[in-house]
Amino acid sequence: MATVTPEPVTRLIEAFSQLPGIGPKTASRLTFYLLRRPPEQAEALATALHELKQKVVFCRSCFNITESSPCGVCRDEGRDRTTICVVEEPLDVLAIERTGEYHGLYHVLHGALSPVEGIGPDELRINELAARVKAEPVREVLLATNPNLEGEATAMYLARILQPFGVRITRLARGLPVGGDLEYADAITLSRALQGRQEM
Ligand SMILES: [Zn+2]
């Protein structure tokens with residue numbers, strides 16, 4: 001293909017192919033779609049991609065994504081600083097914020113334990129969480145990892161790690177679709193799961 005296809009086209013197809021869930025076919029379709037569109041559309045995409053790495057950083061406290069560290073939630077004096085809600089991904093923070101039901105702080109692990117994928121405790125922000133629980137006036141840690149195998153295993157592990165600190169450790173109530181992702185749960189289901197959280 002490289003011989004008949006201009007190099008920039010091949011390069012973009014390859015770049016798209018490396019994204020999760022995008023095979024070579026979709027990568028080609030996206031590339032040729034952009035070729036047919038006005039230049040502004042491709043430029044807007046390029047700018048968005050560029051600024052993603054230029055302007056977005058991780059909060060030094062909760063590791064959520066933010067434009068300035070510490071993030072808005074960590075800076076907000078109105079938040080309940082005695083509760084930390086632990087989630088796998090930044091999108092989970094959005095899902096929980098959408099419920100309007102939670103007013104504490106967050107901690108983003110950036111994944112879940114998965115021996116199959118070679119993700120152990122050191123690949124996640126677990127040490128940083130333990131350090132926060134130790135140093136900050138935390139009374140409750142709400143484990144809001146996904147209701148699937150990896151999420152449950154991660155919650156169990158965290159409960160064990162955090163136990164010596166003498167804080168209340170809770171888990172989202174059942175009722176969330178098992179095997180699902182927190183970020184896709186509807187706001188009502190997630191609200192109920194927050195309200196009905198249980199001791200671990
Ligand atoms: Zn933060």
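Counting starts at 1 for both ligands and their atoms, in listed order.
- The only option from Arg171, Arg197, Arg81 that meets the salt bridge (Lys or Arg N to Asp or Glu O under 4.0 Å) definition with Glu140 turns out to be Arg197.
- Qualifying side chain to side chain contact (heavy atoms under 4.5 Å, CB included) partners for Ile65, counting only residues two or more places apart in sequence or in other chains: Val56, Phe58, Pro90.
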Residue pair His110, Phe63: steps toward the ring pair (Phe, Tyr, Trp, His ring centres under 6.0 Å) verdict: CA-CA 8 Å; His110 292 280; Phe63 297 94; 7.1 Å; no
Please report, to 0.1 Å, the donor-acceptor pairs under 3.5 Å made by any side chain of residues 156-167, with sequence neighbours excluded.
none

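- For the Zn ion (ligand 1), protein N, O or S atoms under 2.8 Å: 4 in total.
- Open room surrounds CD on Glu67; 12 or fewer heavy atoms of other groups in view lie less than 6.0 Å from it.
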Listed pairs under 3.5 Å, donor-acceptor, residues 48-55 side chains, sequence neighbours left out:
unit_1	atom_1	unit_2	atom_2	d
Glu51	OE2	Lys55	NZ	3.3

